[in-house]
Amino acid sequence: MRKPTLAVIIPCFNEELLIESTVNSLFEVINTLIEKGKILSDSYIYLVDDGSKDKTWSIIEVLYKKNPLVKGVRFVKNYGNQKALMAGLLGAREIGCDCVVSIDADLQQDQWAIEAFVDKYSDGYDIVSGIRNGRDTDSIFKKYTALFFYHLMNLLGAKIPVNHSDYRLVSKRALDILAQYPEKQMFLRGFFHEIGLKTAYVKFDVKPRVLGKSKFNFISLLGLALNGITSFSIVPLRIIAVLGFFMALFSFGLGIEVLYEKIFLNSTPKGWATQVAMSAFFGGLQIFCLGIIGEYVGQVYREVKARPRYIKDVELY
Ligand code: UDP
Ligand code: MG
């Protein structure tokens with residue numbers, strides 16, 4: 001296989017504190033790989049500014065002026081990490097490359113694992129997924145909610161390896177497939193796993209964030225998780241259907257029982273409390289089910305509108 005041109009894409013949201021050092025560290029990796037003859041010398045870094053409110057973009061502009069191997073795009077507003085990654089992948093495809101590695105701006109993921117990614121690519125793998133060695137840098141809460149999420153996703157049929165991350169290499173071929181998918185709410189971890197190209201896994205260490213703070217909060221993570229589930233699995237809908245069937249069966253049995261009591265035992269209904277409890281229970285259950293259906297309706301609604309994923313403001317390349 002011929003030597004690849006590697007594009008490293010970085011989603012950035014308010015990362016003024018560390019973007020420059022991150023770019024420098026990544027060029028160290030890129031230059032080492034060029035020296036070792038593993039990638040071509042036109043390999044570059046592509047920064048996606050996800051509508052930062054701080055100086056992130058002006059820093060990117062300066063870096064670009066100093067070195068044309070730094071490229072970038074800026075969104076008009078904050079669209080979230082998945083959209084930024086998407087823009088990075090499709091942008092790199094347009095600019096031209098043989099493979100892309102996506103990595104976070106805070107370099108919590110060990111950047112030297114990129115060498116192992118590239119090696120796997122040269123061995124013929126189209127997708128090389130980074131698997132975290134652990135979640136020691138996460139809070140207990142995030143660790144367990146994340147684990148719960150991955151197990152739930154697997155249970156629901158979207159087979160994503162636990163401790164999977166958006167730190168991965170994908171080939172031009174995978175990008176071409178991605179470009180054919182019109183869906184807007186793409187859950188990339190699920191997507192790259194699902195398309196069925198040859199996939200390798202590389203373990204990497206996670207470091208604590210050195211500067212700035214996490215750009216995710218509970219709500220945005222919950223959004224990511226719900227989106228992941230509703231865009232990859234219809235099992236919750238089936239569960240509702242099955243649940244509904246058994247509820248109907250139960251109600252039917254209950255009805256017969258009540259009739260029997262009324263006709264043969266002639267005991268007038270007295271259980272007001274039971275009534276209230278039952279209606280509350282069913283009311284709750286119905287709302288819960290409606291909530292799940294709502295999730296899917298929301299998904300359909302977002303896709304059907306077929307709005308562009310994001311709007312680019314400025315492009316540098
Ligand atoms: N990020 C982004 N848009 C957002 C939130 C985050 O582009 O709305 C980027 C962020 O700049 C970083 C990456 O996504 O490069 C991961 O974010 P962060 O490190 O804050 O997440 P955590 O490591 O806490 O999961
Ligand atoms: Mg981080």
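Order of appearance sets the numbers: ligands from 1, and atoms from 1 within every ligand.
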Atom of D106 closest to the Mg ion (ligand 2), considering N, O or S atoms: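 In D106, the N, O or S atom with the shortest distance to the Mg ion (ligand 2) is OD2.
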If you have a sec, work out which protein heavy atom is nearest [atom] and how many Å separate them, to one decimal?
{"atom": "atom 4 (C) of ligand 1", "answer": "D50 OD2, 3.4 Å"}
{"atom": "atom 20 (O) of ligand 1", "answer": "K215 N, 2.5 Å"}
{"atom": "atom 9 (C) of ligand 1", "answer": "P11 O, 3.7 Å"}
{"atom": "atom 19 (O) of ligand 1", "answer": "D106 OD2, 2.6 Å"}
{"atom": "atom 24 (O) of ligand 1", "answer": "S214 OG, 2.5 Å"}
{"atom": "atom 13 (C) of ligand 1", "answer": "D104 OD1, 3.4 Å"}

Best match, F216, Y79, F13: closest heavy atom to atom 2 (C) of ligand 1: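 Closest candidate by heavy-atom distance is F13.
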Closest to atom 23 (O) of ligand 1 among Q108, Q82, K142 (heavy-atom distance):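 Residue with the shortest heavy-atom distance to the ligand atom: Q108.
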Pairing of [X] and [Y] as salt bridge, 4.0 angstrom limit:
{"X": "E115", "Y": "K36", "answer": "yes"}
{"X": "D205", "Y": "K207", "answer": "no"}
{"X": "D98", "Y": "K172", "answer": "no"}

Contacting atoms of ligand 1, where contact means under 4.0 angstrom from a heavy atom of [X]:
{"X": "N78", "value": "3 (N), 4 (C), 8 (O)"}
{"X": "C12", "value": "7 (O), 11 (O)"}
{"X": "A105", "value": "12 (C), 15 (O)"}
{"X": "E15", "value": "10 (C), 11 (O), 12 (C), 15 (O)"}

contact_flag R209 ligand 1 heavy-atom lt 4.0 Å: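 So R209 counts as touching ligand 1.
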Cationic tip of K71 above Y44 ring, under 6.0 Å, 45° of axis: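 Yes, cation above the ring, under 6.0 Å and within 45°.
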K77 charged N/C atom sitting above Y79 aromatic ring, 6.0 Å / 45°: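 K77 over Y79 ring: yes.
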Heavy atoms from other residues, nucleotides or ligands near NZ of K55 exceed 12 (cutoff 6.0 Å):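 For K55, atom NZ is not crowded (no more than 12 foreign heavy atoms under 6.0 Å).
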The Mg ion (ligand 2) contact by D104, N, O or S atom under 2.8 Å: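 No.
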Any N, O or S atom of S214 closer than 2.8 Å to the Mg ion (ligand 2):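 Coordinating: no.
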Residue portion contacting ligand 1 (non-hydrogen atoms closer than 4.0 Å) for N81: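 Both the backbone and the side chain of N81 come within reach of ligand 1.
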Option among N24, L17, V23 that satisfies the side chain to side chain contact (heavy atoms under 4.5 Å, CB included) test with E20: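 Exactly one candidate clears the test, N24.
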Side-chain donor/acceptor of E16 to backbone N/O of T56, under 3.5 Å: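 Checking the backbone N and O of T56 against the side chain of E16, no donor-acceptor pair under 3.5 Å is found.
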Flag for Y150-R189: side-chain donor and acceptor within less than 3.5 Å: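 Distance-only check passes for R189 and Y150.
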Parallel, tilted or perpendicular: rings of F282 and F250 (30°, 60°):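 Plane angle between 30° and 60°, so tilted.
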Pair Y125 and Y121, ring centroids less than 6.0 Å apart: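 Ring-ring flag for Y125/Y121: false, centres at least 6.0 Å apart.
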